[in-house]
Amino acid sequence: MLDVLTQVAQLALNGIMTGAVLAMPAIGFTLLYAVLGFPNFAVSGHLAVGAFAGWILNTHYGWPLWAVVPFGFIAAGVLGVATQRVVVEPLRGAASITLAIASVAVALLIENALRFGFGNTLRSYDLPLARDVTIGALRFGPQQMQTAAVAIVVMLLLFALLRYTRLGRAIRATADNASLAAVKGIDTVAIARLVAFVGMGLAGASGVLLGADTAIDPLIGFRLVLAVFAAAVVGGLGSIPGAVLGALVIGIAEEVSTIVLPSDYKSAVGFLLILLFLTFRPRGLLGERRN
Amino acid sequence: MSKSMSSARRDWLRAMSVTAIGAAVLPRSAWAQAGTPIVIGSLTPQTGAGSIYGPGMRDAIAAVVKEVNAAGGVISRQIKLVSEDDQTNPEATVRAARKLIDVDKAVAILGPWASSVAAAVAPVCWESETMCAIVGSADNITRLPHKGFLIRTQPNISMQAARFGRLALDQNPKSIYFLGPQTPFTQIYIDVVAKMAKDKGVAFASEIYDGSKTSYRSEVDKAMKFKPDVLLLGGFVNDNAVVLRDIYRAGYKGTMIGFGTGVNTKLLESVPPEAVEGIYAVTPSAALGSPAYKRLAKLINVADPGPFESQAYDMINLTVLAIAQGKQATGPAIRDNIRKVSQGGGTVVDDAVEGIKLIGEGKKINYEGASGPVEFDQYGDIVDSKFRIEQVRGGKLTLVEIS
């Protein structure tokens, strides 16, 4: 019995570490959805851009990880503003499905541009691997716990920004009703660009963390984007704490499912959760009910 | 608007006039030699999991085509190579194959690399009577009713698995664990090695995972619980890069063995050295040191061509030689003649240009390739292959043996 409990605890812990990787891009994805009103799948391309920007600084100039993460954020954020201006703003007023399809096209363009520039070869950050730490019967990965901590700090900072600052109120007002916010004198275009910067920046920063933990190639974001989408849907599209919770739920559910299912069905578990939530609780775990 | 249209019309008329004058003044022999080019399709993975190998394969094929064309072509016709990306994706492969066959009128398709891709393209080829040379190594592909339009230059999975299992058992283990991604051939590996282990009284267990994940901690935990003396890794570079990190983090100290498709220089570039030190790699070997291999190295200007570049070189040479032998550039003619130039004795050749010359002189030839003797059984499988056993020592792949 103790053995089974230990196994479940270890799998849950592994799930938290898997979920931590999803949490940051899920926060970016959900923030973009809340303000721009469509699922922006271009997070996958921006995640890859952040990962490559970080890789250049780390391997060519020897920058440490703590310095590389903000750079990945800025690189992807700047690109996010550019795609907002060039692709999203001209489509203002179009149906959300049109914008979602355009975002897929942007993701493909960015990933192919990276492939053109860097090729398909896998690349590794120049960082040493740390052995896991064993406490009791449980194994912890220091690097993954670091990623989880960063995701939680980012979530708290963003949450505080949105809740307690004037800028945050402007963002929330734009998310609730952009037309009304504009009437009240809020520059909704500037707010949307700022959100594109932050949302895509988060994807870029998570690309750096993921790259440091695994290896990078132009499709690093593509492989993750559906799981990110699942996390945002399960947590409640538009809810920042929900994105983190959704990511952890997806991660834990996938790992714990291996007790009864073969490992190669893990991905199906995430999508089963999407189906269940869309059917029985469309607003997700922490999403607000929308009329 | 009307001005630009009339300008376009003038340009078109001018171009047509130049063409017509050219037709009038060019000597008759130039037309005869130009003829209609023979179209051969290269369908290799430029993107996706196989993208590490595809560009090299495509370049090897292109280099041979260039060489043959420079020497006057085959059956007095030039070869036009059309290269497509199979994306390591069966659906994309079928679309690309249909384009090569229906639009470009390719008589042969060379290179489908992954087993899933090769299995998808095979019916498209045999239904259209297009010759197809594949790498994809799942056993059952060549057992499909392909009417002879399929050959495979890579040893099949059963051959590879047996070599994999033999190396594992050579370590005198008490237990062996197989950890690999879901692919059409993973179960064959498991079955072959499990039987070999059972025959020797060695404990065996396995786990198949989803190859697109960012973490394999739980799968590695399961493996560690089994306490394997030998850990067999069935993954490709992309998933091995993640799996090996998690194995290192878990503190595994036993022997690891992987396939050359998953443990190679590309992997060493993408994983910290401490995670790969000591791992063995088993790869169907190119015929190192053979005249064809040396020739290929010079032709593509690569010091140490890999097995897939070598196979691609053999695919195009065999195709061209079969066309020369059959004096026809059609799928059935290539099918009917490919074994006449690859086996059964004759003057040994290692390149198409020399072979075309000898065939023209009425001589029987036997092509010996860069990947091996390339002799095929009735299913289209090669009958023999050597394997290269390497080990990562001091961060570098070091040759242990070729056997």
Side-chain angles (χ1 to χ4, degrees), chain A residues 3 7 10-15 17-22 111-112 115 119-134 138-144 147 210 213-220 222-224 226-227 251 254-259 262-269, chain B residues 45-55 85 87-88 179-183 186 206-225 236-252 264-276:
Chain A
D3 206 31
Q7 190 192 0
Q10 181 67 62
L11 287 170
L13 191 60
N14 293 352
M17 289 185 261
T18 305
V21 172
L22 299 177
E111 282 158 4
N112 279 290
R115 185 176 291 130
N120 286 314
T121 311
L122 275 183
R123 289 159 202 278
S124 173
Y125 277 62
D126 188 11
L127 296 167
L129 268 182
R131 296 265 194 197
D132 285 352
V133 178
T134 305
L138 299 180
R139 216 159 52 78
F140 293 80
Q143 282 163 322
Q144 289 92 344
T147 304
L210 181 60
D213 191 34
T214 58
I216 67 167
D217 71 324
L219 296 181
I220 183 173
F222 175 80
R223 283 191 290 274
L224 210 62
L226 286 177
E254 285 191 358
E255 298 301 325
V256 173
S257 72
T258 59
I259 296 176
S263 296
D264 48 334
Y265 292 113
K266 265 204 270 190
S267 295
V269 174
Chain B
Q46 304 301 308
T47 53
S51 59
I52 290 162
Y53 306 108
D85 177 11
Q87 298 181 30
T88 329
L179 191 56
Q182 178 63 275
T183 68
T186 306
S206 62
E207 179 75 9
I208 299 175
Y209 58 74
D210 173 351
S212 64
K213 292 299 193 183
T214 54
S215 168
Y216 295 100
R217 298 180 67 87
S218 299
E219 290 82 352
V220 169
D221 280 343
K222 267 191 195 176
M224 294 303 111
K225 216 171 165 188
F236 297 108
V237 170
N238 288 40
D239 45 312
N240 272 351
V242 184
V243 169
L244 280 162
R245 286 166 197 263
D246 284 336
I247 291 171
Y248 177 84
R249 287 172 181 140
Y252 180 66
N264 49 34
T265 50
K266 305 290 181 192
L267 179 79
L268 300 192
E269 288 165 11
S270 56
V271 181
E274 58 268 32
V276 284

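Since this is a predicted model, take the numbers as computed values, not measurements. The sequence lines fix the lettering, A, B, ..., with proteins before strands; numbering per chain opens at 1. What's counted below: heavy atoms across the whole structure, side chains too, no hydrogens, waters or symmetry copies.
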Between [X] and chain B, which part of the residue has a heavy atom less than 4.5 Å away: side chain, backbone, both or neither?
| X | result |
| --- | --- |
| A:D126 | neither |
| A:L224 | side chain |
| A:R139 | both |

Kindly indicate whether the side chain of [X], heavy atoms from C-beta on, has any atom under 4.5 Å from the side chain of [Y].
| X | Y | value |
| --- | --- | --- |
| B:K213 | A:S263 | no |
| B:V271 | A:S124 | no |
| A:V133 | B:R249 | no |
| B:S215 | A:E254 | no |
| B:K266 | A:T121 | yes |

* side-chain contact (heavy atoms from CB on, under 4.5 Å) assessment of A:Q143 paired with B:R245 -> CA-CA 11 Å; A:Q143 282 163 322; B:R245 286 166 197 263; over 6 Å; no
* **Spatial distance of atom OG (B:S270) from atom CG (A:D217) [nearest 0.5 Å]** =>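 Going from the OG atom of B:S270 to the CG atom of A:D217 covers 9.5 Å.
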* With rounding to the nearest 0.5 Å, note down the distance linking OG1 in A:T18 to OH in B:Y216. =>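 With rounding to 0.5 Å, OG1 (A:T18) is 10.5 Å from OH (B:Y216).
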* To do: With A:L122 as reference, evaluate B:N240, B:I52, B:N238 under the side-chain contact (heavy atoms from CB on, under 4.5 Å) test and give the passing residue.
  =>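 Result: among B:N240, B:I52, B:N238, B:N238 is the only option passing the side-chain contact (heavy atoms from CB on, under 4.5 Å) with A:L122.
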* With sequence neighbours excluded, tell me which residues meet side chain to side chain contact (heavy atoms under 4.5 Å, CB included) with B:Y248. =>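 Counting only residues at least two positions away or on another chain, B:Y248 forms a side chain to side chain contact (heavy atoms under 4.5 Å, CB included) with A:L129, A:R131, B:E274, B:A275.
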* To do: Give a yes or no on this: more than 12 heavy atoms of other residues, nucleotides or ligands lie within 6.0 Å of atom OH of A:Y265.
  =>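 It does not: A:Y265 OH has 12 such atoms or fewer within range.
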* Counting only heavy atoms not in A:F140, do more than 12 fall under 6.0 Å of its CZ? ->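 Yes.
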* **Chi angles and distances behind the side-chain contact (heavy atoms from CB on, under 4.5 Å) call for A:R123, B:E269** => CA-CA 6 Å; A:R123 289 159 202 278; B:E269 288 165 11; over 6 Å; no
* Asked: What heavy-atom pair brings B:A250 and A:D132 nearest, and what distance separates the two atoms?
  ->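 What the structure gives for the nearest pair is N-OD2, 4.3 Å.
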* To do: Identify the two heavy atoms, one from B:R217 and one from A:N14, that lie closest to each other, and give their separation to 0.1 Å.
  =>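 Shortest heavy-atom contact: NE-OD1, 3.4 Å.
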* Leading residue by heavy atom contact count with chain B [cutoff under 4.5 Å; candidates A:G15, A:A215, A:A227] ->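 Going by pairs under 4.5 Å, I would pick A:A215.
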* **Top contributor to chain A interface from B:Q182, B:K222, B:E219 [non-hydrogen pairs under 4.5 Å]** =>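 That would be B:E219.
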* **side-chain contact (heavy atoms from CB on, under 4.5 Å) between A:Q144 and B:D246, intermediate numbers included** => CA-CA 11 Å; A:Q144 289 92 344; B:D246 284 336; 4.2 Å; yes
* Main-chain N/O of A:Q10 paired to B:D221 side chain as donor or acceptor, under 3.5 Å ->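 Judged by distance alone, no pair lies under 3.5 Å.
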* To do: Using atom types as modelled and distance alone, determine if a side-chain donor or acceptor of A:R223 lies under 3.5 Å from a backbone N or O of B:S212.
  =>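 Looks like no, no N/O pair under 3.5 Å.
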* Go through the atoms of B:E207 and report whether side chain, backbone, both or neither lie under 4.5 Å from a heavy atom of chain A. =>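 Side chain only.
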